[in-house]
Amino acid sequence: MSRFIRGFEKISLISLLLSSILLSIIIFFADDFYGSSPGCENKDVNLTHVHKIVVVMDGVQKEEDTKQIIPLKEGEPFSPYRVSQSIKQLFKTGLFSDIKVQKEGEREVRLTYILSRNFFVRKISFLTSLKVSPESLKRGISSLREGGSFSEHKLKRATEELVKVLNEQGYFDPKIDTLVNKDHQAFTLDIVFNILFAKVFAVEKIFFSGEILVREEELKRKMETREGSSYVPSVVEEDLQRLRDFYNEMNFRRAEIRKEKVEFDEEASTVILNLRVIPHEKIEFIISGAEIPLNLLAPIWEERIFEEWGLDEGEAKIINYLRKKGYLFVRVESSLERKEQTIYVRYKISKGDKYVIEDIVFEGLEYFSASDLKELLGIKKKIPFFSWIDGARVFELPGEIVAFYKTRGFPGARVNMRFEKEKKGVRVIYSIHEGLQQKIGKLKFEGAKLFTSTKLLEQINSVEGGPFFQPEIEKDVGRLENFYLNQGLRGSNIKARVEEVGEGVYSVTFDIREGNRVKVEKIIVMGNSVTRKGTILKELRVKEGDYAFQDLIRETKRRLENLGVFEEVKIEEILLSSERENLIIQVREGKRNYASLGVGLETKNEPQVLSFWNNVIRPRLTAELIRSNSFGRASNLSLIAQVSLKEKRGVVSFEQPYFFGLPLQTFLNAWIEREERKSYSYDRRGISMTTIKSFSKDIRLFSTLRYTSTTLLDLRIKESEIDRQHFPFSTSSISGSFIWDTRDDPFNPQIGSFFSSNVEWAYPLFQTESNYLKIFLKYQNYISLFSRVTLSSTARLGLGRGRMPIHERFFAGGSHSFRGNNFDELGPRDPDSLKPIGGKSLCLINLEFTFPILSAYRDLLGAVFYDKGNVFAKRKDFSFKALHDALGFGLRYRTPLGPIRLELGWNLDAPKGEDRILVFVTLGNVF
Amino acid sequence: MIKIFKGRNAICLILGLIVFKGFLKGEIVDRIVSVVNGEVITLLDVKVVQRFSLFTEEGNEPSEDTYQESLEYLINLKIVMTMVAEKVVVSNEEVDSLFQKITMEIGLEEMEKRMFELGLDEEALKLYLREKIFYEKIISQRFSGGIRIALSELEDYYREKYIPQRKELDLEVLPLVDVLDEVEALIRKDKISKLKAEWLAILRKQADIMVNK
């Protein structure tokens with residue numbers, strides 16, 4: 001036996017080689033013959049069935065459950081067409097870059113799906129010694145992007161694009177090596193473009209040809225590219241624009257300046273730049289009768305246009321411009337004259353008198369009331385001193401009215417406009433002929449078996465007897481299609497049929513071919529390497545065996561995206577038959593580690609040496625480290641450090657979307673902080689757990705368990721104000737908050753309201769000293785009186801009972817509460833040091849009126865405010881008579897983080913010796 | 001050579017054949033041959049186009065089936081379908097008519113055989129035919145309308161192409177007046193073909209095309 005094996009070893013290699021070659025030849029020709037003789041090919045193809053399906057992914061045979069993603073199933077009939085369809089469906093999932101299907105057997109077919117997973121680009125970086133910014137290189141690559149899918153084909157195109165970008169930046173024939181580092185766990189990759197070298201050319205000479213009209217030297221001075229400097233095509237392009245602008249200034253508005261020829265000398269590494277100048281005609285504007293900015297007219301004539309059109313367009317722009325300024329009856333005459341190489345464009349303007357629009361009046365209304373029509377067209381009431389409708393809009397209104405009437409079923413609506421002059425004012429009267437309203441006489445649904453007509457009627461906007469407007473019918477078709485998808489049906493086909501059944505009366509029939517109710521057979525989750533499958537499954541709103549309700553599938557996608565751990569979530573429906581489908585959920589996990597460093601400003605109005613007004617802006621540094629998707633449960637672990645001159649704080653926070661399996665967003669915090677306040681400083685250590693339950697977009701409930709230990713330092717008040725025997729003072733408390741927020745924008749609200757109530761009960765648990773109950777209520781309301789004019793009001797009430805140490809009491813004063821006092825300084829004070837000691841009850845009311853100042857600066861607003869409030873040592877001290885008043889005004893500039901406020905507050909009840917007038921600069925709204 | 005296949009060598013040869021049979025036992029029945037703007041073209045798609053000569057244009061004689069020609073046709077078709085916004089309606093009657101025409105051309109028995117081999121039923125094949133009609137309608141809609149043919153072009157074509165072709169085929173050369181419509185149609189077809197090629201070349205530059213070799 002061993003002899004046999006030894007002998008086998010000697011010759012096996014050559015024999016194996018020969019036999020394999022022989023067999024390959026046989027199979028090659030056999031296959032060729034097989035392929036070329038259709039009659040011989042799978043004669044019983046439709047009688048065969050799929051006996052076995054095997055999945056090989058990236059060269060590795062996968063587990064049995066992976067074959068669930070294959071749309072073809074074992075036991076089903078085999079056909080090449082069905083295999084082809086399955087490839088297309090699999091590709092649609094976006095998971096695979098290549099798919100091949102191998103077949104074995106004739107009657108009992110074994111199919112092997114050979115799949116190559118798609119890789120996604122995590123990072124694109126550049127290694128180069130060239131003076132180019134990586135950002136500009138990245139911008140120039142459109143075939144590949146971070147987060148996008150990768151393929152060799154895309155990489156090739158991206159490299160070509162990179163060469164182009166480098167050429168534009170003056171680097172020619174670059175040698176680029178690409179390095180692709182794949183992460184086979186996460187199916188992501190990093191691409192490094194290593195730009196080894198590139199040729200650089202110097203501009204030897206710049207020549208101009210054509211009719212340049214000025215000295216060459218003058219043109220060269222306008223250019224950034226100089227003789228002797230590097231040849232950078234993108235800079236030359238900018239130079240050409242500069243030259244065009246130069247000729248434009250000389251009224252050659254159609255001047256063409258182009259690179260005619262660039263002569264490269266490879267040996268000398270130089271180029272000769274030949275630029276051609278074609279000035280074309282000079283265009284002069286002669287405007288009489290009014291001052292019109294030239295940039296209104298010049299762009300019209302920069303291109304070759306039909307001159308009549310150019311004149312008309314210019315007239316329209318002038319008329320519109322002057323109408324906006326109140327010259328409602330402006331007339332413009334235009335003419336054009338050619339003299340040699342110059343075109344003279346003349347506009348003769350008769351401005352007429354300037355008028356104020358006093359009123360807008362509608363006549364002939366039957367279907368709408370005048371006030372309804374004004375509201376629907378967005379015409380607000382006229383308020384003295386505020387801008388109203390302008391003259392240009394007055395002339396646009398007839399078109400808007402006609403279009404509006406059409407949507408209400410009046411295709412023949414006509415509008416005549418006339419004016420009634422009253423000294424410097426004018427009433428604009430729109431005489432409306434509504435015409436016949438087209439109505440829907442009958443609404444029918446044909447072919448619907450699964451749903452009643454009543455149910456279907458609920459889904460659409462059209463109603464019997466209502467207006468007939470064809471585009472609205474089309475929208476109803478879309479609504480019905482969506483309804484069917486949301487009911488789990490696929491393949492439904494809906495068409496609207498419209499017939500005129502009387503004068504202006506239409507019968508609308510929705511022909512419905514209902515598809516099939518499709519059930520989700522299998523839900524396959526892919527792409528999660530860190531995130532636990534259970535974490536994803538918790539977010540699903542459809543289960544295996546459920547009907548494929550599309551709204552629930554969309555909701556599932558939204559919930560997965562909201563977890564904040566995926567860069568991309570895709571849900572593909574793979575139809576297996578007309579009645580079942582697989583859902584493939586593909587997620588792409590995002591970065592897990594984040595670090596941020598922020599430098600900001602902190603404002604609290606405390607007197608400081610460096611300040612020249614009452615409040616101080618101090619620098620503040622924030623550093624944050626976040627580890628996202630901890631334990632694969634979509635939890636975030638973060639370390640935050642905040643340092644300013646007055647505060648130092650370190651926080652460890654753990655956030656998770658579930659709490660013991662319940663869908664409650666939970667935060668576990670532990671922190672250590674030191675803060676300097678007016679009357680004292682403190683060191684605090686604490687831990688807390690907060691859970692948040694959202695009931696809707698607007699309503700949320702918070703509950704918090706908290707333990708803190710506070711040590712007071714640097715007391716500037718009498719010791720009687722603190723419980724020295726409990727030092728440090730520890731608190732254990734439970735609190736609940738209810739928030740109802742309907743504001744349009746939390747940072748710059750203009751409309752809506754905000755209500756919050758908080759109850760905190762501190763109980764002497766685990767030998768803590770705390771024993772108090774605090775309630776704090778807040779209500780804010782924003783009313784938009786008219787465009788950008790807002791009236792806002794805030795009311796706050798705080799009540800406490802029990803042993804409340806100074807750091808748990810209510811304080812007020814400052815730019816966010818009462819603008820007649822400095823920070824924390826409203827309310828009871830220490831009789832010796834006059835420092836605030838806080839209280840057990842608080843009442844604050846703020847009223848504010850904001851309005852635009854300059855129409856050109858939409859984010860700049862003026863404000864007038866009135867604050868009323870006080871803090872009382874005990875609840876029984878509370879008295880409305882004891883509330884202080886402050887008046888003031890200021891400016892606001894809206895930013896995405898809230899308004900920057902400059903305010904001047906006047907305390908009407910300031911005690912003698914205290915500042916009556918205070919200046920505040922701060923960011924954010926009163927809260 | 002014969003010596004090599006004697007004795008133990010023969011056993012090794014048989015073993016080798018068995019081993020390599022294992023490697024080569026399956027055949028690739030289908031695969032992705034191209035992806036055009038995210039749309040997949042499979043090997044079966046190419047085979048369908050080949051077997052039913054779908055890549056030939058209306059009025060042309062069916063060409064020799066070639067893989068490359070069919071693939072190029074499918075790439076152009078996918079480009080047009082994904083990049084052209086024009087709306088074209090293809091009626092069921094048009095699809096049925098093309099189906100009948102192909103059946104007439106290749107015969108019912110052959111038609112059924114080819115469909116059977118590819119696993120296609122009538123509905124499935126008609127999806128391919130619908131796409132073909134859509135593609136041709138788009139081309140026709142885009143280019144047929146604006147083509148003007150000058151008299152000089154008619155004369156040049158008649159003199160330089162029409163007469164030599166007729167003579168080569170040993171056919172009677174009719175006067176230009178008698179064949180004006182025929183010559184005009186030929187020129188129009190050439191022009192459309194040229195415009196179509198230019199247009200597709202522009203679209204191809206903008207398209208994302210991947211071809212698996």
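Heavy atoms from other residues, nucleotides or ligands lying under 6.0 Å from NZ of A:K138 number more than 12. B:E123 CD: 12 or fewer foreign heavy atoms inside a 6.0 Å radius. The local environment of CZ in A:R513 is sparse, with at most 12 non-hydrogen atoms from other residues, nucleotides or ligands closer than 6.0 Å. Heavy-atom contacts from other residues, nucleotides or ligands closer than 6.0 Å to CD of B:E160 number more than 12. Few gaps surround CD on B:E198; more than 12 heavy atoms of other groups in view lie less than 6.0 Å from it.
The two residues A:P80 and B:D30 make their nearest non-hydrogen contact at O-OD2, 4.2 Å.
A heavy-atom distance below 4.5 Å is found between the side chains of B:N212 and A:D98. Between A:Y81 and B:L127, the closest side-chain pair of non-hydrogen atoms falls below 4.5 Å.
Taking A:K100, A:K154, A:H153 one by one and counting their heavy-atom pairs under 4.5 Å with chain B, the maximum is reached by A:H153. Annotation: maximal heavy-atom pairing with chain A below 4.5 Å, among B:I32, B:V48, B:T42, B:L43, occurs at B:I32.
In this structure, NZ in A:K156 is found 12.5 Å from CE in B:M210, a value given to the nearest 0.5 Å. Interatomic distance, CD of A:Q102 versus CD1 of B:I28, reported as 5.0 Å (0.5 Å rounding). In this structure, B:D121 CG and A:S79 OG are separated by 8.5 Å, a value rounded to the nearest 0.5 Å. To the nearest 0.5 Å, atoms CZ (B:R31) and CD1 (A:I87) are separated by 9.5 Å.
B:V211 does not touch chain A: none of its heavy atoms, backbone or side chain, sits under 4.5 Å away. If you measure heavy-atom distances from B:L125 to chain A, you find no contacts under 4.5 Å at all. Contacts between B:I41 and chain A at a heavy-atom distance below 4.5 Å are absent for every atom of the residue.
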Just do the side-chain contact (heavy atoms from CB on, under 4.5 Å) check on B:D45 and A:K88 with the steps written out, would you? CA-CA 11 Å; B:D45 293 333; A:K88 287 177 184 173; 3.0 Å; yes

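The existence of a salt bridge linking B:D208 and A:R157 is confirmed by a sub-4.0 Å separation between a basic side-chain nitrogen and an acidic carboxylate oxygen.
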